[in-house]
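Data first, discussion second: the structure below is written as structure tokens.
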Amino acid sequence: MTAQLIDGNALSRQLRADVSARVTALKTQGITPGLAVILVGENPASQVYVRNKVKACEDTGMHSVLERWPATMTEAELLARVEALNADATIHGILVQLPLPAHIDAQKVIEAISPAKDVDGFHIASAGALMTGMPGFWPCTPYGCMKMLESIGYDLKGKHAVVIGRSNIVGKPMALMLLQKNATVTICHSATKDLKAMTLQADVIVAAVGKRNVLTADMVKPGAVVIDVGMNRNDEGKLCGDVDFEGVKEVAGYITPVPGGVGPMTITMLMVNTLESAERMK
Ligand code: NAP
């Protein structure tokens, strides 16, 4: 059996076209959704991410501001910038690119962002909203994974979903979103004793670890849906996920590729969150 591909690029194009149309509609009411991205320091991967986010904003007709600050920026200076953007009526979403330099308390900075502009969904108020099923911003990566499941018409009710990884930005919110859709959810992590025993029971597997080949074909039930969040480099330096794609695609029912899977969806959901922030504020 060869799995069907869930194409994150194609789904992103569809969703971004919808975002563009809604941005155009808002503009006729005098509102241009605006995203501010703050980058502190010179982390090469972060520079690529912020460039892609700003470009995606421009492509959908949104307003975007990219603030680049040196790694010597103090925590107080960064908090002051966040406060200024909280008060800026042209900005509907604020994103502080992580990681921050070690002398800055990232959680303190995230908590300084107004929850109404927390389009990354990392604020404790956003986490609480997701936990309790209240309206709020969902973190973009797991939100994108949910959209991928929705795109194949997958009904999660009563299904067993196994999430590998329990970070605050991917694994935990992913598990909560799956639970909200009535899946039975198992969360695995580095202390899980027998990962294969867990994944073999799964109808849906989300791998969010950051290690190559965490999930191999022998760990997957035939027909399962496999979502690969991981971003790693292989021996040739090429981008790859956590899943042994070549092996697992012969067993799974659906699979997401890396690149071209969850990655583009993450940026797309950032656009969706920013647009929805502007729609809520009007
Ligand atoms: P993270 O904070 O490092 O969390 C990794 C999780 O994996 C932890 O919960 C860890 O368990 C668990 N883990 C580590 N080794 C394991 C093992 N052998 N078996 C089972 N679980 C194991 O990473 P993250 O921020 O969640 O990101 C995960 C991956 O997704 C990374 O590759 C990252 O680059 C990628 N990512 C991609 C996107 C995208 O847009 N495509 C966005 C965000 C992240 P413990 O908690 O016990 O340590």
Side-chain angles (χ1 to χ4, degrees), residues 6-9 11-12 15-16 37 43-53 55-56 95-100 106-107 110 119-122 126-127 130 137-149 161-178 185-202 205-216 218-220 226-234 237-245 248 255-273:
I6 310 179
D7 182 341
N9 283 322
L11 182 56
S12 280
L15 293 171
R16 290 186 200 192
V37 179
N43 181 313
S46 293
Q47 295 193 28
V48 175
Y49 297 149
V50 298
R51 257 204 312 277
N52 290 343
K53 288 167 187 175
K55 183 176 180 310
L95 183 155
V96 178
Q97 184 65 44
L98 301 178
L100 286 169
Q107 197 56 39
I110 290 166
V119 289
D120 245 347
F122 295 168
S126 303
L130 172 58
F137 292 113
W138 283 8
C140 301
T141 300
Y143 192 8
C145 296
M146 292 304 284
K147 284 282 169 194
M148 293 178 113
L149 290 169
V162 170
V163 179
I164 319 175
R166 57 171 166 182
S167 70
N168 289 337
I169 62 170
V170 189
K172 280 186 208 158
M174 185 77 246
L176 289 168
M177 289 173 200
L178 293 161
V185 182
T186 300
I187 306 175
C188 299
H189 45 76
S190 65
T192 296
K193 285 221 169 73
D194 188 350
L195 183 62
K196 181 176 170 179
M198 299 295 153
T199 57
L200 273 175
Q201 296 174 37
I205 303 169
V206 180
V209 173
K211 288 181 185 161
R212 284 161 58 190
N213 298 331
V214 155
L215 192 76
T216 48
D218 58 315
M219 300 169 75
V220 177
V226 176
I227 311 257
D228 192 352
V229 179
M231 284 200 308
N232 311 297
R233 296 276 164 193
N234 66 14
K238 282 195 183 145
L239 193 63
C240 67
D242 290 346
V243 175
D244 169 23
F245 183 84
V248 172
I255 191 167
T256 67
V258 178
V262 175
M265 290 300 294
T266 295
I267 298 188
T268 298
M269 300 326 291
L270 176 68
M271 301 299 105
V272 170
N273 279 349

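Note that the numbering runs from 1 along the sequence shown for the chain. Because only heavy atoms are used, hydrogens play no part in the values below, and waters and symmetry mates are left out as well, while side chains stay in. Just follow the structure's listing: the first ligand is 1, and inside any ligand the first atom is 1.
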Protein contact of atom 4 (O) of ligand 1 - nearest heavy atom, named by residue and atom, plus distance: Ser167 CB, 3.9 Å

Rounded to the nearest 0.5 Å, what separation is found between the NZ atom of Lys172 and the CD1 atom of Ile187? 8.5 Å

Tell me: protein heavy atom nearest atom 16 (C) of ligand 1, and distance? Val209 CG1, 3.7 Å

Per-residue contact class, Val214 against ligand 1 - non-hydrogen pairs under 4.0 Å: neither

Could you tell me the residue and atom name of the protein heavy atom closest to atom 42 (C) of ligand 1, and the distance to it rounded to 0.1 Å? Thr141 OG1, 3.2 Å

Taking only heavy atoms of Gly210 into account, list the atoms of ligand 1 that are under 4.0 Å away from them. 29 (C), 31 (C), 32 (O)

Please confirm whether Ala208 approaches ligand 1 to less than 4.0 Å, judged on its heavy atoms. yes

Any nitrogen or oxygen of Thr266 lying under 3.5 Å from a nitrogen or oxygen in ligand 1? Just yes or no. yes

Counting only heavy atoms, which portion of Thr192 has something under 4.0 Å from ligand 1: side chain, backbone, both, or neither? neither

Find all atoms of ligand 1 within a distance of less than 4.0 Å from any non-hydrogen atom belonging to Val170, and give their numbers and elements. 26 (O), 43 (C), 44 (C)

Starting from atom 19 (N) of ligand 1, find the nearest protein heavy-atom neighbour and note its residue, name and distance. His189 O, 4.0 Å

For the side chain to side chain contact (heavy atoms under 4.5 Å, CB included) test, which of Val206, Thr199, Asp228, Val209 pairs with Leu215? Thr199

To check your reading of the model: name the closest protein heavy atom to atom 33 (C) of ligand 1, its residue, and the distance in Å. Met231 N, 4.2 Å

Measure the distance from atom 15 (N) of ligand 1 to every protein heavy atom, then report the residue, atom name and distance (to 0.1 Å) of the closest one. Lys211 NZ, 2.9 Å

